[in-house]
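This report refers to the structure that appears directly beneath it.
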Amino acid sequence: MNFILQLAWRDSRASRRRLVLVSLSVVLGIAALVGIGSLADNLRRTVAQQTKALLGADLTLSARAPFPAEAEAYFRTLGGERANEVALGTMVSFPTRGNQRRLVQVRALEGNFPFYGELVTTPAGARAQLASGRGALLEETLLVQYGVQVGDEVTIGRGSFVVVGALQKIPGESAALALFSPRIYVPRAALEATGLLQGKTFLTYRAHFKLPAARDPELLVRELKAKFRAQRWQYATLEERKRDLGHALQDAGAFLSLVGFVALFLGAVGVASAMHVYIRQKLTTVAVLRCLGASARTSFAVYLVQGAGVGAVGAVLGSVLGVGIQLLLPAVLRDFLPFAVEFSVSWPAVGQGALAGLVLCLLFTLLPLLAVRRVSPLLAIRSAQGEAAPADPWRLVLLGVMAAAVLGFAVGQTGRWTTGLGFTLMMAAGFGTLAGVAQLVAWAARRFGPRPSLPYVWRQGLANLHRPNNRTVLLLLSLGLGTFLLLTLVLTRQTLVHKLVGIGGGARPNLMFFDIQEDQSARLTALVQAQGAPVLALAPIVTMRLTALRGRSAEDLLKDDRSGIPAWTLRREYRSTYRRELTDTERVTAGQFIGHVAPGERRVPVSVENSLAKDLQLQLNDSLVFDVQGVPVEAYVASLRDVEWQRLQPNFFLVFPAGVLEPAPQTLVAAVHAATPAESARIQRAVAQEFPGISSLDLSLLLTTVTGLLAKVSFVVTFMAAFTVVTGVIVLAGAVLTGRYQRIRETVLLRTLGATRRQLRQIQLVEYAVLGGLAAVTGGGLAVAANALLAHFVFQTPFRLSPLVLGTAVAASVVVTVTTGLVANRGIVDHPPLEVLRQET
Amino acid sequence: MNDDSPMLQVAQLTKTYRLAAGPLTVLRAVSFDIAAGATVAIVGPSGSGKTTLLGLCAGLDRPTAGTVSVAGTAIGGLDEDARARVRNAHIGFVFQNFQLIPTLTALENVLVPVELAGDFGREPEARALLARVGLGERSAHYPGQLSGGEQQRVALARAFMNRPKILFCDEPTGNLDDDTAAAMVELIFGLNRERGTTLVLVTHNLELAARCQRLIRLKGGAVLSDERAGPAA
């Protein structure tokens, strides 16, 4: 052992800088894992510490109707403290900004919610002004977006409020939610003046409880569920919130770790490649050692120690950098975190990240090291062995262990076998495809080689792609993977934005009005048409709950763990419509759509959307019972439909025929096409003036919201993908430097034979430019393929190729490759030939 | 092994390589014995099988047929690691292209055979050997800092470090100029005499071969002649 360590150390003398450089390949991957692992630990700790502040209360009940007197009486017996909240989606308008309007979520508060944690506001303490009066706390993004300041007036419904502060943080809620529906807090007492409580606006009533210490919230929930079985309240307890949050954090952490792992894997491939070259250069030394009596195991161990050293240096450097990255991550993830996180170094995470890096590095080092075991001592006295060595079975074993290691890591991170297996297969497919394409390129370069008519420097540069010891596969893999990841992100974003723009294309609806009362519909239609825009659809909405299906009550099914029916499908309030015909966003896939029944029909034929039918395990003719605001309605499944949900149009899970629901309380929703943004704004202003209670949703707002969210998500993913991209550049630099000595010899020979420095530089330029271009084309081709598949199968939209994006990617890849290649090879053409030729003798 | 038994015994040694183009026999039923302390030169034209024979005799490769015994141990049937132990215990090597480990100093190169065997207290002896070959002042130098002749002298010191019973030299002067080669030859034979080592030398150089007691000529993979050559030891 002593000899092994001693020789490993001595033998590394001339190569230590090179080996450290090799270890840099895995540094970023390890850093990513350490940073993310440490962040995840900190988040877990914060969740455990912040406990009650995650919900702001011990228990929160949500209902679609005011709590009945019986419940109110029972709540009073609970002791502790209670706060009430009424929440509704409506429009806010800003008189100081030309009455611009925005769909928001208004929360009217009464009481001291939150009991734990605080609503963080600017100026601090603005929450106190919600106790009474007409103050409003607006989400900070709203203030910024509309240029509103504290003291300005805003209008909600018919009520006017004064902005008392900007809302920065709400206990247990992340800032990203604000993108969809910015929140506004107002005093409960002031809500009456808005007039929004009268109509048929959808309201959510919440009761927040601060319970006496002796009361267990979980037990109380069970008690309430038993006592008020008929009420379909939603319950939120701290434990439940912690569980949900824990799962969400684990999923997000696992996703980010897997992205980081791709960087580590690529780095390990770089290590394997560099070690392959290194070991090739050591084969004669190994043969001499064998001649002098070293066993195969001893010589193998010497280089294994060096490989482990590479991994250890990478692990240490990666851990240090990872701890540094951990300080950056909160800024990157700020908008997605529901609370402020205090950061400290998580040593278990450091250990795990370093260990993952070390193990992967060792496994990848073993691959080229296997050759050491089979070096014949004869190599010391003759340059080539006579017989070709048979395939090494250990190579297969090692590849199996590597696949198992990837699988183990992925399963360990995600906690799910299927996801882990999927990730492993995707890694194998991704790396396999890139490596396969690279092999093909090298083969094609050899097979169809450069034409003799090409200038010499071109022929030489192109021949470098396939000659012995070429780095084509490694470079295409590292650069191609980076290009693939970044382009996939960019193209996916483009596809989604194109799809959203396309939703309102042509004469399709791009403006929706909802919460329209029955007596307002005719006037609204006339008003909108007077503005020059057609009302393309006007659909009534009737709310209802599902009380039974196929003869079993919803309660019964909810209690049955083996029913396999998701609880939300049984608990939710369905907003259904009735009409005589299908719209152009629907297609019947089974049964027959029945558009009209005679009044008094005993069983009503209903059309059910396919995904809901699947969740509820419904088939044609299955029976259903609905509670339509107190009136039971018996129905059966007459048809199943596919629905194009992505169109901005009133779409429904359940469509009833005309002739049944007309007497039920209802609101309407209208879909309008505005030719220009100006027309859209004009129509919205006119409607707001005439009907303050009607809300609108503009496609452009949706577009802004989604692009904003995409920007935030893609920033995080790009940040993580950058680890892989930079690792690719490090691997590239490492590969170029590893081959530097060989390059020096060739360059010197060419110079001796009369090549000018200009020619030598041109040869390098051609080689790296071609490699960069090929890598971009390979990575770009795969990204285009991946996006075409995503567009077709996931986003269900035609794939559009942007030549500008692809062109930029190719140009960037070429520039990066040429720059890295030339920098890493700098000075090679300046080596005096004699110096090298002397070394040869 | 008793004093009369040969140091190296080769019997019916045959080596055939299985190449993609078909089998290629490079040694055919070669047999000879070499007594302890003898000096033997193996000569022959390129492709006659000299290096293959040396490799087989030193246990660097396994024969297709026939046997090789070194210091009484039949090495043909041993696996590679067992043969490595025999080499470490009984055999010294000098190669045409020196084959020093470039990352080790001259002293460290000389120490490799003994340190491999776990013997870490032999530095004074290694220094003495380096002094004996005239490189006492160069022990901390790396191979790249030494001339060809100096590198070959380090290799010679290394070859004697494990006190081998038999020394195999493969064209030891092949890469050296005449003067350096002559000095090298003196060192090889001088150390051989001092330490009573058996010497097997593969060379093209008939002048060098003539310094040995016995001359084995190879041609086409077979022994063409086996005769007494230069002065008796």
Side-chain angles (χ1 to χ4, degrees), chain A residues 1-19 278 281-303 306 372-390 741 835-836 838-841, chain B residues 15-20 24 26 51-52 54-56 58-62 79-93 95-105 108-109 111-120 142 144 147-148 155 158-159 161-162 168 170-171 175 202:
Chain A
M1 191 62 191
N2 216 348
F3 172 77
I4 291 167
L5 293 177
Q6 193 181 61
L7 187 62
W9 177 246
R10 285 175 179 170
D11 182 68
S12 68
R13 268 182 197 136
S15 326
R16 275 177 209 152
R17 273 170 57 188
R18 196 167 123 196
L19 290 174
Y278 180 70
Q281 290 164 357
K282 294 287 180 186
L283 290 184
T284 312
T285 299
V286 174
V288 172
L289 284 172
R290 303 299 302 274
C291 281
L292 299 177
S295 65
R297 190 182 295 177
T298 302
S299 35
F300 177 77
V302 167
Y303 293 98
Q306 291 188 356
V372 170
R373 291 158 41 252
R374 309 178 106 193
V375 171
S376 165
L378 269 181
L379 197 64
I381 54 174
R382 55 166 37 137
S383 58
Q385 287 176 250
E387 292 169 302
Y741 179 66
E835 181 189 307
V836 178
R838 266 200 189 127
Q839 284 177 7
E840 295 290 296
T841 55
Chain B
K15 181 68 184 176
T16 301
Y17 290 108
R18 282 172 193 81
L19 305 178
L24 174 69
V26 289
T51 302
T52 304
L54 179 85
L56 291 171
L60 301 183
D61 201 0
R62 296 171 83 161
D79 66 20
E80 170 47 35
D81 282 347
R83 282 185 276 134
R85 283 192 289 275
V86 172
R87 288 197 293 271
N88 188 250
H90 302 304
I91 297 173
F93 282 102
F95 304 97
Q96 177 177 4
N97 47 1
F98 326 136
Q99 297 293 24
L100 296 180
I101 297 174
T103 49
L104 304 187
T105 63
E108 288 166 353
N109 263 292
L111 280 166
V112 167
V114 287
E115 289 184 341
L116 252 176
D119 189 351
F120 286 89
Y142 289 95
S147 70
R158 180 178 68 183
M161 188 61 207
N162 60 338
F168 289 101
D170 181 22
E171 296 282 10
N175 278 349
V202 165

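Naming: A, B, ... by sequence-line order, numbering from 1 per chain. Just so you know, these numbers come straight off a predicted model, no measurement behind them.
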- Message: Counting only non-hydrogen atoms closer than 4.5 Å, does B:Arg83 touch chain A with its backbone (N, CA, C, O), its side chain (CB onward), both, or neither?
- Response: neither

- So which part of B:Ser147 gets closer than 4.5 Å to some heavy atom of chain A, the side chain, the backbone, both or neither? neither

- Message: Shorter than 4.5 Å, heavy atoms on both sides: which option in B:Gln96, B:Met161, B:Arg158, B:Arg85 has the most such pairs with chain A?
- Response: B:Arg158

- Heaviest contributor of heavy-atom pairs below 4.5 Å to chain A, chosen from B:Thr103, B:Asn88, B:Asp170, is B:Thr103

- Query: So, are B:Glu80 and B:Arg87 salt-bridged, with charged N and O less than 4.0 Å apart?
  - Reply: yes

- Query: Where does B:Phe168 contact chain A at under 4.5 Å (heavy atoms): side chain, backbone, both or neither?
  - Reply: neither

- Region of B:Asn97 in contact with chain A, defined by heavy-atom distances below 4.5 Å: side chain

- Please step through salt bridge (Lys or Arg N to Asp or Glu O under 4.0 Å) for the pair B:Asp81 and A:Arg297, ending with a clear verdict. CA-CA 8 Å; B:Asp81 282 347; A:Arg297 190 182 295 177; 5.9 Å; no

- Tell me yes or no: between the side chains of A:Ser15 and A:Ser12, is some donor less than 3.5 Å from an acceptor? no

- Message: Under the rule for ring pair (Phe, Tyr, Trp, His ring centres under 6.0 Å), what residues qualify as partners of A:Tyr303, not counting sequence neighbours?
- Response: none

- Would you name the heavy atoms of A:Gln306 and A:Leu19 that are closest together and state the gap between them? OE1-CD1, 4.4 Å

